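The analysis underlying the following values was restricted to heavy atoms, covering all of them including side chains, and did not include hydrogens, waters or symmetry mates. Treat the numbers as computed from the prediction; the structure is a model and nothing was measured.
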Amino acid sequence: DGLGSVESHDQVVQLDDQQAHHALDVLRLKPGETVELFDGCGIVVGGQMETNGRVRPVSFHQVPQPAKTIDMAVSLPKGSRSSDMISGLSQLGVDRVIPLRTARSVVHPRQGKLLRLRTAVIESAKQCGRAHLMEIAETTSLVDALHLNYDLRLIAQPRVPYRGQALCNAQRVLILIGPEGGWTDEEIDMAEQQGCDFWNIGPYVMRIETAALAAAGIVQLMHHEAL
């Protein structure tokens with residue numbers, strides 16, 4: 001939580017231990033210096049540092065949610081590549097990442113891994129100035145992901161390139177990125193039966209994190225051009 005806890009009797013924000021350590025020991029902020037806090041749900045507070053990790057609010061505003069949302073269902077890559085990918089997707093404005101369990105995926109994160117990924121989301125939001133935190137969902141099977149309700153579902157696959165006609169009008173978009181071993185024929189058939197649009201996002205075979213970041217960037221660009 002970027003705001004910590006608010007003490008209503010004197011309107012002072014008390015940062016939690018981790019955030020107070022970062023502000024006082026890493027950034028070396030002094031009393032009177034200006035800081036900006038956020039709660040991850042769109043509330044942004046400008047304030048001044050006091051002692052012992054306390055901040056006195058000076059200004060307050062609510063940042064609205066984006067009109068269009070982009071979610072990413074992706075088979076997570078191994079090791080630190082997952083955290084790097086999550087940080088990049090957060091900076092690109094993805095709203096939710098759904099760790100995907102497929103026939104060939106090898107990383108099925110448990111609660112400890114999900115907690116570390118959510119920490120990466122917070123750090124990324126602080127770095128890029130994002131007021132709404134990207135959500136990390138629980139691990140989901142491809143079958144369940146394909147039954148989620150979206151205006152448009154794009155699945156990365158080296159077929160005919162997606163031309164983007166429906167994307168201009170779609171308010172809720174799901175992008176599906178498979179494992180490094182690729183989708184099975186059964187998964188491709190299932191996606192096609194569920195009405196997914198196939199999308200070739202580049203001329204070469206990409207690593208998971210490269211494909212995810214490229215897809216998110218392209219969709220964001222197309223969204224902005226459609227405004």
Side-chain angles (χ1 to χ4, degrees), residues 1-74 76 82-99 109-140 148 150 171-175 212-213 216-217 219-220 223-224:
D1 188 325
L3 286 180
S5 59
V6 178
E7 300 174 8
S8 58
H9 64 278
D10 61 359
Q11 294 301 304
V12 170
V13 177
Q14 177 64 58
L15 300 180
D16 63 30
D17 291 343
Q18 182 179 2
Q19 300 300 334
H21 165 72
H22 183 73
L24 300 176
D25 300 329
V26 179
L27 298 179
R28 299 187 180 278
L29 296 175
K30 304 297 182 184
E33 291 195 64
T34 300
V35 295
E36 186 173 81
L37 311 178
F38 69 102
D39 71 344
C41 298
I43 296 176
V44 179
V45 173
Q48 290 184 330
M49 285 296 303
E50 294 192 344
T51 57
N52 299 323
R54 293 155 66 92
V55 177
R56 182 167 298 279
V58 175
S59 63
F60 168 96
H61 68 279
Q62 175 81 43
V63 178
Q65 282 276 17
K68 295 189 176 186
T69 61
I70 301 171
D71 291 354
M72 178 83 63
V74 55
L76 296 184
S82 288
S83 296
D84 292 341
M85 181 187 72
I86 290 299
S87 177
L89 292 175
S90 172
Q91 294 172 55
L92 285 166
V94 170
D95 295 278
R96 180 169 64 145
V97 170
I98 305 169
R110 298 183 180 181
Q111 288 304 315
K113 176 71 170 181
L114 292 174
L115 180 61
R116 290 192 293 273
L117 293 180
R118 288 166 183 148
T119 299
V121 168
I122 294 173
E123 295 305 313
S124 174
K126 289 162 61 176
Q127 181 270 320
C128 69
R130 178 172 174 168
H132 294 271
L133 289 181
M134 183 177 74
E135 178 188 349
I136 305 291
E138 297 296 318
T139 303
T140 303
L148 296 173
Y150 287 90
Q171 295 297 309
R172 301 184 69 247
V173 177
L174 177 67
I175 305 170
L213 295 170
V219 172
Q220 283 287 28
H223 267 179
H224 285 292

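Scanning both residues, Leu114 and Ala137, for their nearest heavy atoms gives CD2-O, 3.9 Å. Closest approach of Val45 and Pro57 over heavy atoms only: CG1-CB, 3.7 Å. The two residues Val173 and Tyr150 come nearest to each other via the heavy atoms C-CD2, 3.7 Å. For the pair Asp39 and Cys41, the tightest heavy-atom approach, listed with the atom from each and the gap, is OD1-N, 2.8 Å. The two atoms that bring Ser90 and Val121 nearest to each other are OG-O, 4.1 Å, heavy atoms only.
Considering only heavy atoms from C-beta on, Leu174 comes within 4.5 Å of Ile98 through its side chain. When side chains are defined from C-beta on, Leu148 does not count as touching Asp71, because their heavy atoms never get closer than 4.5 Å. Side-chain contact between Val94 and Val219 is absent, with no heavy atoms from C-beta onward closer than 4.5 Å.
Salt bridge annotation for Arg118-Glu138: present, with a cationic side-chain nitrogen under 4.0 angstrom from a carboxylate oxygen.
Using modelled atom types, one side-chain atom of Gln91 and one backbone atom of Ser87 make a donor-acceptor pair closer than 3.5 Å. Side-chain atoms of Gln65 do not come within 3.5 Å of backbone N or O of Gly42 as any donor-acceptor pair. Formation of a donor-acceptor pair under 3.5 Å by the Gln220 side chain with backbone atoms of Leu92 is found in this model. Remark: the backbone N or O of Val12 is not paired with any side-chain donor or acceptor of Arg54 at under 3.5 angstrom.
Leu89 contributes atom CG, which lies 5.0 Å from atom CG of Leu213 (distance to the nearest 0.5 angstrom). Atom CZ of residue Arg96 and atom OG1 of residue Thr69 lie 9.0 Å apart, to the nearest 0.5 angstrom. Here NE2 of His132 is found 9.5 Å from CG of Asp95. Values are rounded to the nearest 0.5 Å. The CD1 atom of Ile136 sits 3.5 Å away from the CD1 atom of Ile86 when rounded to the nearest 0.5 Å. Rounding to the nearest 0.5 Å places CE of Met49 at 11.0 Å from OG1 of Thr34. Going from atom CG of Leu117 over to atom CD1 of Ile122 covers 11.5 Å, rounded to the nearest 0.5 Å.
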> So Leu15 and Leu37, side-chain contact (heavy atoms from CB on, under 4.5 Å) or not? Walk me through it.
Replying inline: CA-CA 10 Å; Leu15 300 180; Leu37 311 178; 4.1 Å; yes
> Does the side-chain contact (heavy atoms from CB on, under 4.5 Å) test come out yes or no for Ser82 and Lys113, once each step is laid out?
Replying inline: CA-CA 10 Å; Ser82 288; Lys113 176 71 170 181; 3.8 Å; yes
